[in-house]
Engineer: 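Quick one: this structure, given as structure tokens, is what I'll be asking you about.
These values consider heavy atoms only, across backbone and side chains, with no hydrogens, waters or symmetry-generated copies. The chains referred to below are lettered A, B, ... by the order of the sequence lines, with proteins before strands, and numbering in each begins at 1.
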Amino acid sequence: MISVTFPDGASRQFEPGVTGLDIAKNISPSLAKRSVAMTIDGSLSDLASRLDRDAKIEFVSREDPRALELIRHDAAHVLAEAVQELFPGAQVTIGPVIENGFYYDFYRETPFTPDDLPAIEKKMREIVARDEPIVKEVWTREQATAFFHAKGESFKGELIEAIPAGENLNIYKQGHWLDLCRGPHMPSTAKIGGAFKLMKVAGAYWRGDHTKPMLSRIYGTAFARQEDLDAYLHQLEEAERRDHRRLGREMDLFHFQEEGPGAIFWHAKGWTLFQKLVAYMRRRQALHYNEVNTPQVLDRALWETSGHWQTYRENMFLTKTEDERVFALKPMNCPGHVLIFKNGLKSYRDLPVRIAEFGVVHRYEPSGALHGMMRVRAFTQDDAHIFCSEDQIMDEALKINDMILSIYGDFGFSDVVVKLSTRPEKRVGSDEAWDKAEAALQKVLDELARRGLKTSVQPGEGAFYGPKLEYTLRDAIGREWQCGTTQVDFNLPSRFGAFYIGADSEKKTPVMVHRAMFGSLERFTGILVEHYAGHLPLWLSPLQIAVCTITQEADDYALEIASAARKLGLLVELDLRNEKITYKVREHSLAKIPVLLVAGKKEAAERTISIRRLGSQAQTSMALDEALAALIAEATPPDLKPLH
RNA sequence: GCCGGUUUAGCUCAGUCGGUAGAGCAACUGAUUUGUAAUCAGUAGGUCGCGGGUUCGAAUCCUGCAACCGGCACCA
């Protein structure tokens, strides 16, 4: 007999080989009916799994959050079954659960189009209605290979080959259809319920490798309850509403056009916002960094020295002059900064040398990668390079980290993930140097984790010259974007022959720490717009106040307000148009102007002002001087506030 | 770069079977002097993404290219 313990601490004895379903039935028929899976010693498992030894088990109902991945995984299988029923010859590959749903990749001569989705979804609902029992079988490798080979499923065949010898091959059957799958699954297709939806089709490379065939991927999502699905779809709509590309147009910040793919046309308001960010960053780093500026176009020879010509050329904009000399637009600022460091003899006493630049870089990104302001071909980095000794790396990296977090905090970002990317296969430099660099960054990462930050490690994802810490933020629809970064580089300084004189009078090669905090000013602006849903805080808003009159009789007073506010440094628009106040309120609200100051006859007589804030219907009336003082205080950038 | 989709007025979108374009909003003009998210009336606005082709005739059909959108791959 084996002993099975339940969450409440009670335990019961069963014959070895008893299934979860048997146990549930033994407890109560309703429990058996309600359960779609169980956990065995904490890990999710089929209800039909057999127990051979003592274990702690817990039954999982369909409504349990842990069942969500089962619902989605089962939905992926049903999607595959539906596709193969409707489109004979479509080959199955893999169909995992992902963050907001699931997908299944198929191989098919003609890829699926969005028009195919309704029919597939309809078929899926049929399969769910059939309530096909989902049954696991364990096959031998030969059996599985023969089966999928006979069906012409070459991709599955490849997957089977990749499974280590000696491991069981699990086959999950539902009705006449079956798939090789790790599981677990729910007992039958009806458990999926009706709260699912196919979302989109997309191409995806087999095994994520661009040298391999392109598969046709169908994305879907599924939830336990219809209201959860509805809420999710609603959330997607909301995200679309705060998409920076849409808000950028509505707020008149910038535009793109065909002639400059991946290049931003900044409008006056957008550029004001951009410059506010630059000014903010300048103040933040003024004490520790020396700001410089380096050439936009540099000779090919320089890029050969840096290694960019050999490893980065396909991403570079090249230009040839009349006399056949080849130049490149800089894709990075580092070589320029090394040259500034090299210009003049440096002593160990000078270290660390910190050189900063709001450097505009051009990168010829693949056309398919472009994405609004988040991924462009010309962008501005708040870049800096720190030339220091090896034993200064740790200290510098920690300082950078503190500054990045403090800066993100000023913008209300708390959902920051810091990722350590370690040595890639293709790299330069000695293992000892890598050990030191990674250890330093790992130490920083540990410290961050200790402080409660989300951290992770991405093995092999580092730059060829060194490991890096990547600071990522999320956009409106949950996409993660890398912003800040700290990279440790043992390579470039020596390639350029940069050195300093050590305490022993010997020439030493400095270590170079690359760092950016916003990363790309353009991307950061995009993230900000989405983060605030266009409701920029007063200090960032490129147009802070609209002074609106109710009647022309208030024009003089409104003029006085506007000029007083402008004298105080506030960005003010004066709206004296002969329009109804409701019209003006609507228009300025749509333009996302943070503060509306409304003046009518009453205000003019009393020297007060009616204040209406973006996003609120409320109006408050206040003495003019008082209102301006409050607005000035609010419009002060966070780093200039007394308590910063 | 790869797969799929899209491209018609400043914006959002109609446009049937191939017969050389339409709405709402925005803009402009006039009237309205207005109390917190749309006052009324009128006017103007388009080489239908670009280039080829088929046709008596192309926004519509075929074809090449570009940009954009969603993914993949790549990356700040």
Side-chain angles (χ1 to χ4, degrees), chain A residues 103 105 108 110-116 199-219 240 243 245-246 249-250 252 255-262 312 314-315 331-332 361 363-377 379-383 461 463 468 470-472 477 479 481-485 487 514 516-524 526-527 548-555 576-590 596-603 610-619 621:
Chain A
Y103 67 78
D105 282 348
R108 195 167 170 250
T110 46
F112 295 108
T113 76
D115 295 338
D116 295 322
M199 304 297 288
K200 56 197 173 191
V201 295
Y205 297 108
W206 170 232
R207 306 209 131 180
D209 183 341
H210 71 277
T211 63
K212 298 213 156 80
M214 173 80 42
L215 305 173
S216 189
R217 174 174 298 180
I218 297 176
Y219 282 96
E240 206 176 305
D243 187 304
R245 292 166 296 191
R246 178 191 181 124
R249 187 179 58 239
E250 289 173 0
D252 195 18
H255 85 272
F256 290 91
Q257 59 185 62
E258 260 191 72
E259 294 82 350
Y312 205 73
E314 71 276 18
N315 282 299
M332 295 183 193
V361 294
R363 298 182 185 175
Y364 190 72
E365 300 289 346
S367 57
L370 302 181
H371 181 95
M373 292 206 290
M374 306 300 206
R375 193 77 187 275
V376 290
R377 285 182 175 155
F379 60 101
T380 313
Q381 293 180 310
D382 58 332
D383 206 359
E461 296 289 310
K468 53 185 180 180
E470 295 176 358
Y471 292 76
T472 62
I477 48 178
R479 283 186 281 222
W481 295 99
Q482 185 188 321
C483 292
T485 181
Q487 309 177 358
H514 307 236
M517 306 208 256
F518 289 147
S520 146
L521 267 294
E522 286 77 1
R523 174 178 293 179
F524 198 79
I527 292 171
C548 304
T549 51
I550 290 173
T551 134
Q552 268 171 0
E553 290 176 62
D555 281 5
L576 302 180
R577 290 176 304 171
N578 178 14
E579 294 290 351
K580 288 172 74 168
I581 192 61
T582 50
Y583 181 85
K584 296 186 183 182
V585 165
R586 176 181 154 81
E587 207 168 69
H588 296 124
S589 299
L590 288 173
L596 298 188
L597 297 182
V598 178
K601 269 190 273 188
K602 191 170 72 145
E603 287 77 10
S610 168
I611 306 176
R612 179 184 166 124
R613 304 294 304 239
L614 179 60
S616 160
Q617 322 262 19
Q619 312 151 35
S621 190

Engineer: Which part of the nucleic acid, if any, lies within contact of A:Lys212, taking any heavy atom under 4.0 Å across all strands shown: a base, the sugar-phosphate backbone alone, or nothing?
Structural biologist: nothing
Engineer: Looking at A:Arg245, I'd like to know whether one of its side-chain N or O atoms comes within less than 4.0 Å of OP1 or OP2 on B:G70.
Structural biologist: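 Answer yes for this pair, as a side-chain N or O of A:Arg245 is under 4.0 Å from OP1 or OP2.
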Engineer: Whole Å only: how far is the CZ atom of A:Phe256 from the P atom of B:G10?
Structural biologist: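 Computing the A:Phe256:CZ to B:G10:P distance gives 20 Å.
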Engineer: Answer with base, sugar-phosphate or nothing: what part of the nucleic acid does A:Tyr583 contact at a heavy-atom distance below 4.0 Å?
Structural biologist: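 The residue A:Tyr583 makes sugar-phosphate contact but no base contact.
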Engineer: Report yes if a donor N or O on one partner sits less than 3.5 Å from an acceptor N or O on the other, where the partners are the side chain of A:Glu603 and the base of B:G35; otherwise report no.
Structural biologist: yes
Engineer: Ignoring hydrogens and geometry beyond distance, is a side-chain donor-acceptor pair present between A:Arg207 and A:Tyr205 at under 3.5 Å?
Structural biologist: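 No donor-acceptor contact under 3.5 Å links the two side chains.
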Engineer: Would you say a side-chain N or O of A:Lys601 is under 4.0 Å from OP1 or OP2 of B:U33?
Structural biologist: no
Engineer: Quick one: A:Leu370 CG to B:A66 C1', roughly how many Å, whole number?
Structural biologist: 13 Å
Engineer: Is any NZ, NE, NH1 or NH2 atom of the basic residue among A:Lys468 and A:Glu470 found under 4.0 Å from an Asp or Glu carboxylate oxygen of the other?
Structural biologist: yes
Engineer: Taking any heavy-atom pair under 4.0 Å as a contact, classify A:Gly615: base, sugar-phosphate, or nothing.
Structural biologist: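 Nothing, no nucleic acid heavy atom in range.
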Engineer: Remember a base hit wins even if backbone is also touched, and classify A:Thr582 as base, sugar-phosphate or nothing at under 4.0 Å, heavy atoms.
Structural biologist: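 Answer is sugar-phosphate: A:Thr582 comes under 4.0 Å of backbone atoms only.
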Engineer: Can a donor-acceptor pair be found between the side chains of A:Thr380 and A:Glu522 at a distance below 3.5 Å?
Structural biologist: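 Distance-only check passes for A:Thr380 and A:Glu522.
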Engineer: Please work out if A:Glu365 contacts a base, only the sugar-phosphate, or nothing of the nucleic acid, heavy-atom cut-off 4.0 Å.
Structural biologist: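 Answer is base: heavy atoms of A:Glu365 come under 4.0 Å of a base.
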Engineer: Quickly work out the A:Gln257 CD to B:A66 P distance and round it to whole Å.
Structural biologist: 18 Å
Engineer: Within the stacking criterion (centroid distance below 5.5 Å, interplanar angle below 30°), does A:Tyr219 stack on B:G71?
Structural biologist: no
Engineer: Would A:Glu250 and A:Arg245 pass as an ion pair if we require N to O under 4.0 Å?
Structural biologist: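 No salt bridge links A:Glu250 with A:Arg245.
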Engineer: Between B:A37 and A:Arg612, is there an OP1 or OP2 to side-chain N/O distance shorter than 4.0 Å?
Structural biologist: yes
Engineer: Check every strand shown and say whether A:Ala516 touches a base, only sugar-phosphate, or nothing at a heavy-atom separation below 4.0 Å.
Structural biologist: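 Answer is nothing: A:Ala516 stays at 4.0 Å or more from every strand.
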Engineer: Would you say a side-chain N or O of A:Arg249 is under 4.0 Å from OP1 or OP2 of B:G10?
Structural biologist: no
Engineer: So what does A:Arg217 hit on the nucleic acid, given a heavy-atom distance under 4.0 Å: a base, only sugar-phosphate, or nothing?
Structural biologist: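 If one applies the 4.0 Å heavy-atom cut-off, A:Arg217 turns out to touch the sugar-phosphate alone, with no base involved.
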Engineer: Pick the nucleotide of RNA chain B nearest each of A:His371 and A:Pro114; which residue has the one closer to the 5' end?
Structural biologist: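 Residue closer to the 5' terminus by nearest nucleotide: A:Pro114.
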Engineer: Start at the 5' end of RNA chain B and walk down; is the nucleotide closest to A:Gly519 or to A:Pro366 reached first?
Structural biologist: A:Pro366
Engineer: Within the structure, does a side-chain N or O atom of A:Gln617 lie under 4.0 Å from either OP1 or OP2 of B:A37?
Structural biologist: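 Yes, A:Gln617 has a side-chain N/O under 4.0 Å of OP1/OP2 on B:A37.
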Engineer: Could you report the tightest heavy-atom contact between A:Val598 and A:Glu603, atom names first, then the distance?
Structural biologist: O-CG, 3.8 Å
Engineer: Using only side-chain N and O atoms of A:Ser216, determine if any of them is under 4.0 Å from OP1 or OP2 of B:C3.
Structural biologist: no
Engineer: For the pair made of NZ in A:Lys580 and P in B:C40, what is the distance, rounded to whole Å?
Structural biologist: 8 Å
Engineer: Ignoring backbone atoms, test whether A:Gln552 places a side-chain nitrogen or oxygen under 4.0 Å from the OP1 or OP2 oxygen of B:U33.
Structural biologist: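 For A:Gln552, the contact criterion (side-chain N or O under 4.0 Å from OP1 or OP2 of B:U33) is not met.
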Engineer: Record whether the side chain of A:Glu587 comes under 3.5 Å of the base of B:A26 through a donor-acceptor pair of N or O atoms.
Structural biologist: no
Engineer: Does the base of B:G71 carry an N or O that pairs as donor and acceptor with the side chain of A:Tyr205 under 3.5 Å?
Structural biologist: no
Engineer: Roughly how many Å is it from CZ in A:Arg577 to C1' in B:U36, rounded to a whole number?
Structural biologist: 15 Å
Engineer: Is the closest side-chain donor-acceptor distance between A:Lys602 and A:Ser610 under 3.5 Å?
Structural biologist: no
Engineer: With sugar-phosphate meaning primed atoms plus P, OP1 and OP2, does A:Glu579 contact a base, only sugar-phosphate, or nothing at under 4.0 Å between heavy atoms?
Structural biologist: base
Engineer: Rounded off to whole Å, could you give me the OH-to-C1' distance for the A:Tyr103 and B:G70 pair?
Structural biologist: 15 Å
Engineer: Is it the case that B:C11 (base atoms only) and A:Arg246 (side chain only) share a donor and an acceptor within less than 3.5 Å, ignoring hydrogens and angles?
Structural biologist: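 In this structure, the two groups form no donor-acceptor pair.
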